[in-house]
A.B. asks: 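My questions all concern the structure below.
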Number of protein chains: 2
Amino acid sequence: MTSRPRLADVAARAGVSMKTVSNVINDFRHVAPETRAKVQAAIDEIGYRPNLSARNLALGRAGLIALVVPQLDMPYFAALSGQILEAAARHNWVVLIQQTGEDTSVERDALAGHFPQRIDGLILSSPRIRPADLRKRTDRTPLVMLGERNFQGIAQHVSIDNVAASETAVNHLIERGRRRIAIIGTRPTDRQHPRLAGYRRALRAAGLPESDDLIRPIRNNLGEEGELQMAALLAEHRNRPPDAVFCVTDWVALGVIRALQTHGLRVPDDVAVVGFDDIPYGRAATPTLTTISPDRAAIARLSVESLLAQMEAAASGTPYEVSEQPVGYELVVRESTGG
Amino acid sequence: MTSRPRLADVAARAGVSMKTVSNVINDFRHVAPETRAKVQAAIDEIGYRPNLSARNLALGRAGLIALVVPQLDMPYFAALSGQILEAAARHNWVVLIQQTGEDTSVERDALAGHFPQRIDGLILSSPRIRPADLRKRTDRTPLVMLGERNFQGIAQHVSIDNVAASETAVNHLIERGRRRIAIIGTRPTDRQHPRLAGYRRALRAAGLPESDDLIRPIRNNLGEEGELQMAALLAEHRNRPPDAVFCVTDWVALGVIRALQTHGLRVPDDVAVVGFDDIPYGRAATPTLTTISPDRAAIARLSVESLLAQMEAAASGTPYEVSEQPVGYELVVRESTGG
DNA sequence: GTGAAAGCGCTAACAA
DNA sequence: TTGTTAGCGCTTTCAC
C-alpha cells in the first residue's frame, strides 16, 4: 500500500463503477441493497476515506465556513465556538476560526470576504460591526450575525431577546428588594443598547427612578474595566452606594465583585450583582454569579442551519429573507444575588 | 462576472502562461520583476484568489491540521487553541479543532487517524493518552503531543519542564514562610506525575517533611473538584490545616479558594494558594491567583513548526528524531500568595 | 440501476 | 525565464 486508496480502488475491488461507489458514499437512493453492501464492504476492507479537496473542487465549494470572534480565550466566545464547531461538523463543514483581536479593520475585512481561503459561509460575532457596515457589503457569501445588536432586515441575526433578558435580570434584583440599581457597561446616551433598554424598562415598570449617574460605560469587556468603573461609582456615591449592579457581561461582573470586596462591601448582603452570558467562571467564582444564560447550542445550530438555507436559496435562485431569529435564555440564580 | 476568476483568467489578462502566474503566486525566484508586476496587477484587477481545494488536490495535501483538545471552553485550552490557530495560519494551514469531551475513545480515534477529513498533521493535547497508547500507533501522520506527561522518544513532545516549574511554585511558598504545604490534583502513588515530583523535590530541598495525607487527587480538572478536595483536607486536619496549597491547575485552585473562604479562612493570610496554567480568570478572581504561566505562544509556534519538519522529513525520506522540546515559563506572583 | 468520460482549478514535469 | 500539458480524486451529465 504505497498511497491512500482512492475511489477507483474501491470501485475495482467491489467490481462496480466509480459512479456507483459515489452513490453509496453520498447516500443516494436507487442503489440496490446488495450493491450497497458490496461497496461498503470494499470501503471497509481497504480503509477508504474520501479526499475532501477533490470532492470540494468537483462541487465548487470550499467545505469551510468562517467564524469570526474577538478572541478565543474570552470565555463566552470559547464556549460559543465550541458549540459552533460541533454544529458545523454535523454538516461536514470545517470551521475556520478567525480572531479579530478587537481590531475593527480585521472585522471589516472579514465582512468584505477577505479571507486567506475561499469560504462557503460566514458567522460573525463582533460587537463593533454596525448596521451601516453591513449595508455597504457587496460580497454575496452567506452571512449570519451574532451578538446583541439588532440588524433588522439587513442580515440574518441569531440572538436571544436582549431587551427581555435584561429586563428579567433587573426584575430579579427588584424582586429581591433592591431599589437603587446601577448598570455597568453602557453609556446613558446609547439608544441602540438593548441591555440598557431592558434595564430601563424594568425600572420603569416597577416605578423606580432612573438616574443617569448610575449608568457607567466600559471601554472593553474586561474584569479590570468593571473593577475600575465600580470603584468610580462607589467614589461618586460614597454616602449612598447602589444596592445592586447589573453588568452587561459576566466578565465585567467579576471585576465589579472584586471592587466591592476591596471596598469592604459584601456581595450580596450589601450589593447584589448580576452578570450576563453564563461563562464557566461564574460557577467557580466567590460568590458564584447570578447571570443570564443564553442557549448557546441553539445559537450554534440555528446559525449553521441558516448558512445552509442561504446556500440552498442561492443555488435555486430563490431569494432568502433575512430575519431576527430568537433563541431561548434562562436566568440562573446563584450566590451573588442571594442564591 | 458570473463565476470567480481562475488562474487561467489571470494568465490571459496578463498575457502570460499559467505557470508564470503560479510562480508569482507561490513566490518563486526566477521571475522577471516586470513580469511579476504585470501578473500582480492582473491579480488585483480581477480580484483573483486561489482555490485552495484545487491547490491542495494538486499538491496531495489536505491543507488542514487537526488540534485535539478536551473542550474549547476550558480556559487553558481556549487560550492555547487561539495561539495555535495563529501559528498555523502563518503557515497557511487551517486548523480542524476536535473536542474530545474527555472521552478517551475519541482521543484514541484521533491517534489512529480517524478524522472526518484527511489531515496533514495532528496536535494532541490530552491528559489521558499514555505512552503505551502511542507505541501502538501505526498511522504515520506527523504528530505533536502537548501536556504534562512525558513521551520520551515515542512522540514529539512540546511542553514546559513541569518538574522544574512545580518546584519553582512550591519554592515560592516556602520562601514566603509556608511550612505545611498541601498539593491538590494527584495521588501520592502516581510516580509519573511531574508536578508531584517537583513538589516533592522542593520540600526535600528545604528539609520539610513530606506527608502523604497532604496530597489529594482529583477526578477531573474542575473547580468543584478542587472545592471538594480542599473541604475534605480541612475536615481531616481540623486542628492543624495546611498553611499553603499547590494546585495542579488554576481551575482547581479557584475551587480551593472557594472552599477556604467558605470555611472562614483567609487567602493568603491563613492559607496561600498557587495554581498552574495562568488562565485568564486568575486575574479577575478575588484574590488574584499566583500561578505558573507557560509560554503558550512558544508552545503553539514550536508545535506547528515540528509538524512542518516532520512532513519535510517524510518527503525527503530522512528520519525525524522525536524529542522533548522544552518551552519557557514564568512564576506570576499575585494576591493569593501575598502579592 | 449502473458505466464511461469530461472537467472542477491548480501544480509540476518537461520542453522550449 | 516562460510555455504546454498531464494529472491530483472526485462528481456528474449522459448513455445504456
Side-chain angles (χ1 to χ4, degrees), chain A residues 1-40 42-43 46-64 92 116-120 311 315, chain B residues 1-40 42-43 46-64 92 94 116-120 311 315-316:
Chain A
M1 183 143 342
T2 87
S3 70
R4 307 197 90 140
R6 296 160 309 154
L7 193 145
D9 301 328
V10 177
R13 174 142 195 150
V16 299
S17 77
M18 290 175 59
K19 170 64 175 159
T20 302
V21 178
S22 179
N23 283 344
V24 170
I25 292 171
N26 294 297
D27 219 27
F28 279 10
R29 297 158 298 276
H30 310 311
V31 180
E34 59 186 40
T35 311
R36 182 181 295 279
K38 199 167 54 179
V39 170
Q40 190 57 55
I43 288 175
I46 65 181
Y48 169 75
R49 296 234 313 293
N51 178 324
L52 274 276
S53 297
R55 172 181 290 172
N56 289 330
L57 175 59
L59 288 175
R61 36 166 259 173
L64 220 55
N92 293 313
Q117 332 260 337
R118 293 188 187 178
I119 54 170
D120 295 329
M311 285 176 224
Chain B
M1 182 143 343
T2 87
S3 71
R4 307 197 91 138
R6 296 158 309 155
L7 193 145
D9 301 327
V10 177
R13 173 142 198 149
V16 300
S17 76
M18 289 176 57
K19 170 65 175 159
T20 303
V21 178
S22 179
N23 282 344
V24 171
I25 291 171
N26 295 298
D27 219 29
F28 278 9
R29 298 158 297 276
H30 310 310
V31 180
E34 59 186 40
T35 311
R36 182 182 294 278
K38 198 167 54 177
V39 170
Q40 189 59 54
I43 289 175
I46 66 179
Y48 169 74
R49 296 234 312 293
N51 179 324
L52 273 277
S53 298
R55 173 181 291 172
N56 289 329
L57 176 59
L59 289 174
R61 37 166 256 172
L64 220 54
N92 293 314
V94 174
Q117 331 260 339
R118 293 189 188 180
I119 54 170
D120 295 329
M311 286 176 226
S316 69

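Numbers restart at 1 for each chain; the letters A, B, ... are given by sequence-line order, proteins then strands.
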A.B. asks: Measure the distance from CG on B:N92 to P on C:dT11 and round it to the nearest whole Å.
C.D. replies: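 The distance from CG of B:N92 to P of C:dT11 comes to 12 Å, rounded to the nearest Å.
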
A.B. asks: Send over the distance from A:R4 CZ to D:dC8 C1', rounded to a whole Å.
C.D. replies: 15 Å

A.B. asks: In residues 16-23 of chain B, which residues come under 4.0 Å of DNA chain D by heavy atom?
C.D. replies: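 Here the set is B:V16, B:S17, B:K19, B:T20.
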
A.B. asks: Taking side chain to side chain contact (heavy atoms under 4.5 Å, CB included) as the test, write out the residues that go with A:M311, two or more places apart.
C.D. replies: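 Scan of A:M311 (side chain to side chain contact (heavy atoms under 4.5 Å, CB included), adjacent residues dropped) gives A:W93, A:D120, A:P142, A:L307.
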
A.B. asks: Just verifying a value: how many Å separate A:R6 CZ and A:I46 CD1, rounded to the nearest 0.5 Å?
C.D. replies: 9.5 Å

A.B. asks: By the definition side-chain contact (heavy atoms from CB on, under 4.5 Å), identify the one residue from B:V21, B:N23, B:V16, B:V24 that meets it with B:T35.
C.D. replies: B:V16

A.B. asks: I need the full list of salt bridge (charged side-chain N to carboxylate O under 4.0 Å, His left out) pairs touching residues 13-27 of chain B, with sequence neighbours left out, sorted by first then second residue.
C.D. replies: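 Found B:R13-B:E45, B:D27-B:R36.
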
A.B. asks: Return the minimal non-hydrogen interatomic distance between A:R118 and A:A62, and the atom names on each side.
C.D. replies: O-CB, 3.1 Å

A.B. asks: Can you tell me how far C1' of D:dT4 sits from CG of B:L7, to the nearest Å?
C.D. replies: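 In whole Å, D:dT4 C1' lies 14 Å from B:L7 CG.
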
A.B. asks: Can you measure A:N26 atom CG to D:dC10 atom P for me and round it to whole angstrom units?
C.D. replies: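 That distance rounds to 11 Å.
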
A.B. asks: Taking only heavy atoms on the protein side, list every residue of residues 50-64 of chain B lying under 4.0 Å from any atom of DNA chain D, sorted numerically.
C.D. replies: B:L57, B:A58

A.B. asks: Let me test you: for the helix from C:dG1-D:dC16 to C:dA16-D:dT1, what is the angle between the axes at its two ends (five pairs each), rounded to 10 degrees?
C.D. replies: 30°

A.B. asks: Provide the full list of side-chain hydrogen bond (donor to acceptor under 3.5 Å, both in side chains) pairs with a residue in residues 47-59 of chain A, sequence neighbours left out, each pair given once.
C.D. replies: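 The answer is A:N56-A:R61.
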
A.B. asks: Test side chain to side chain contact (heavy atoms under 4.5 Å, CB included) on A:V10 and A:I25 and set out the steps.
C.D. replies: CA-CA 11 Å; A:V10 177; A:I25 292 171; over 6 Å; no

A.B. asks: Look up atom CG in A:L7 and atom OG1 in A:T20, then write down how far apart they are to the nearest 0.5 Å.
C.D. replies: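 It comes to 10.0 Å.
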
A.B. asks: What is the separation between atom CZ on A:R36 and atom C1' on C:dG1, rounded to the nearest whole Å?
C.D. replies: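 Distance check: A:R36 CZ to C:dG1 C1' gives 12 Å.
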
A.B. asks: Just the rounded figure in Å: distance from C1' of D:dG9 to CD of B:Q117.
C.D. replies: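 Between C1' of D:dG9 and CD of B:Q117: 15 Å.
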
A.B. asks: Looking at every non-hydrogen atom in both residues, tell me the closest pair between B:G47 and B:P5 and how far apart they are.
C.D. replies: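 Answer, listing the atom of B:G47 first, then B:P5: O-CG, 3.8 Å.
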
A.B. asks: If you measure from CG on B:L52 to CD1 on A:I119, what distance do you get to the nearest 0.5 Å?
C.D. replies: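 That separation rounds to 12.0 Å.
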
A.B. asks: Starting at atom CZ of A:R6, determine the distance to atom C1' of D:dT11, rounded to an integer number of angstrom.
C.D. replies: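 It works out to 16 Å between those atoms.
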
A.B. asks: Between B:A11 and B:M18, what is the shortest heavy-atom contact and its length?
C.D. replies: CB-N, 3.9 Å

